[in-house]
Amino acid sequence: FLERPAEHRPAAPSTAAAMAAMLAPCFCRLRLARGRLPRLLRVEAPAPLSGRCARWNSTEAAEFATEHPLSERCGVWAERRAARDLRTDRREMNPRLHRERDVAKASNGDLEFAKATQEERMLCGEVRKLSRQRRWQEALQVLAERPDSGPFVTSAVLDACTKALQQQAAWQLFEDMPVKTAAAFNSMITMQGWLRRAQSAEQLVDRMRQSSIEPDYVTYTALITVYGAVQETEKALGVLDVMKAEGQPISLVTYGAAMSACARAGDKEKTWGLFEAMQEVNLAPELNHFNSLIVSCSRSRDEAKALEALALLRSRGLAPDNIMYTALVGCIPTEEPFHQEAVGKAEGILKDMKASAVAPDAHAYNAVLRVAASVGDAGRFDGVLAEMGSGGFQPNRGTALVQAELLEKVRQLEDRRFLRQDGMGGALPPAAPTLPHGWASALEPTSGQSYYWKVDDPAGTTTWQFPSL
């Protein structure tokens, strides 16, 4: 209502309450309506009205959208609700998966999360909120105030510490647990994956079995992620085979972890094979699965296969995100004879991102800069770097590394040019004086003047003056 031009707005209600009552059914969610209203007009809509909105299904919402004056907003909501209904139907197609997940949340032998008291459930919910916000100190405080809370609350606090990568606090809490749950082991194994410690994760799985706790699908998925982080593809796929042999439920998350493991290693065939396998069991791929397809093409610079994955994504009604665009830039071939058009393609992807309302970040700009550095195009490198600065992104460590790659590439191109001149009868340039330790140099092709930089800090030390000893 407030976003429409004044001449296209319906008659404004006389009171804030009337405005809320009119907008609530259009937006179909009270929180959306309140989010659109100015601060002074944020009032509670009638409870029966908001309850009616919450109970609507997609068919009722679509019928309401055709009758209401502000049908555009209702139509958008109806489409979202239809998509939500579709996701619910897909979940109901695999009920075993969700039964296994509910039981595996915090199980340890005879202990089941369903047997937790109401107070323990409330504390677990409070700790999970803190965990999502990485407020691990406050989660530990909750446990300190209730030391007799039981293993379920302790497992939730441990999960908060592992997600914040607080290794010392996590290990101490884990070792002090008198009764270790499957959820506690899973949290610790997941943390080892983030830290790329495959051996430690394997030891935790062994301790899990020694404690008479059988690994569940969460454990196996975490182990696949660990192997993917260290690019041990065969072990990751071996875990997937064990899950199939044991009859464990294999979800979208598990397939995503296995595909990511293969993609990191640059194994296109296995990544695409997993993509096809998950569709054979009626699992609809999501955005992260398509990201893995494109990442698997980056090591071999298979741009055609990456574009095939992008076209398949769009054919399913999905839109690429920042991560996918960045991965696509990494698939552009930069070797001869493709080097002349490589930077143009990378800049074209950057323009497509902006045209699609996907804001590029520093990682996306660094990917384009890396393409320019790979072909030694200093001029266009500087142009992209300036565009990055105008977009509000400061050069980071990744940018400095790419700048060093550019300087090295320019030096190699100059050496090749001088060697070709020497083969044609030209004379090589006189030898330059010895540089101080830790410095490097290259010849700027336009002016023919040498410039210098410190190897460990190229971004902050590049200069035209010969460094003093």
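Since the structure is predicted, the reported quantities are computational estimates derived from the model, not experimental observations. Heavy-atom basis, side chains included; hydrogens, waters and symmetry copies ignored.
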Note to self: Salt bridge or not between K235 and E202? Use side-chain N to carboxylate O under 4.0 Å.
What the structure shows: yes
Margin query: Under 4.0 Å between a side-chain nitrogen and a carboxylate oxygen: does that hold for K129 and E126?
Written below: no
Next item on the list: Check for a donor-acceptor pair, side chain of Q279 on one end and backbone N or O of F275 on the other, with a separation under 3.5 Å.
Entry: yes
Check: When you measure from the side chain of H289 to the backbone N and O of L274, does any donor-acceptor pair fall under 3.5 Å?
Finding: no
Notebook entry, point to check: Are side-chain N/O atoms of N396 and N366 paired as donor and acceptor at under 3.5 Å?
Noted result: yes
Check: Do side-chain atoms of T461 reach the backbone of K454 as a donor and acceptor pair under 3.5 angstrom?
Finding: yes
Margin query: Between R316 (side chain only) and A311 (backbone N and O only), is there a donor and an acceptor less than 3.5 Å apart?
Written below: no
Next item on the list: Under the side-chain hydrogen bond (donor to acceptor under 3.5 Å, both in side chains) rule, collect the residues that match up with D302, sequence neighbours excluded.
Entry: K268
Notebook entry, point to check: Has K180 got its NZ or CZ under 6.0 Å from the middle of the six-membered ring of F174, at an angle within 45 degrees of the ring axis?
Noted result: yes
Item checked: R197 and Q167 side chains, donor-acceptor separation under 3.5 Å -> yes
Notebook entry, point to check: What's the verdict on side chain to side chain donor-acceptor pair (under 3.5 Å) for N322 and T326, showing C-alpha distance, side-chain angles and the deciding distance?
Noted result: CA-CA 6 Å; N322 197 316; T326 304; 3.3 Å; yes
Item checked: T221 versus T254, side-chain donor and acceptor atoms under 3.5 Å -> yes
Item checked: Any side-chain donor near an acceptor of the partner, S292 and S260, under 3.5 Å -> no
Margin query: Is there a side-chain contact between D159 and V127 in this structure, where contact means two heavy atoms from C-beta onward sitting under 4.5 Å apart?
Written below: no
Item checked: Name of the residue among L223, T219, V205 meeting side chain to side chain contact (heavy atoms under 4.5 Å, CB included) with V239 -> L223
Next item on the list: Please check if atom CG in L143 has more than 12 non-hydrogen atoms from other residues, nucleotides or ligands closer than 6.0 Å.
Entry: yes
Checklist line | Charged tip of K163 within 45° of W194 ring normal and under 6.0 Å | finding: no
Checklist line | With sequence neighbours excluded, residues passing side-chain hydrogen bond (donor to acceptor under 3.5 Å, both in side chains) with R207 | finding: E175
Notebook entry, point to check: So, E387 and K354, do they make that salt bridge, N to O below 4.0 Å?
Noted result: yes
Next item on the list: If the plane angle is over 60° it's perpendicular, under 30° parallel, otherwise tilted; pick one for Y365 and F393.
Entry: tilted
Next item on the list: Search all heavy atoms of R299 against all heavy atoms of A265 and return the closest pair with its distance.
Entry: NH1-O, 3.1 Å
Note to self: Between Y227 and E234, do the side chains contain a donor N or O and an acceptor N or O under 3.5 Å apart?
What the structure shows: no
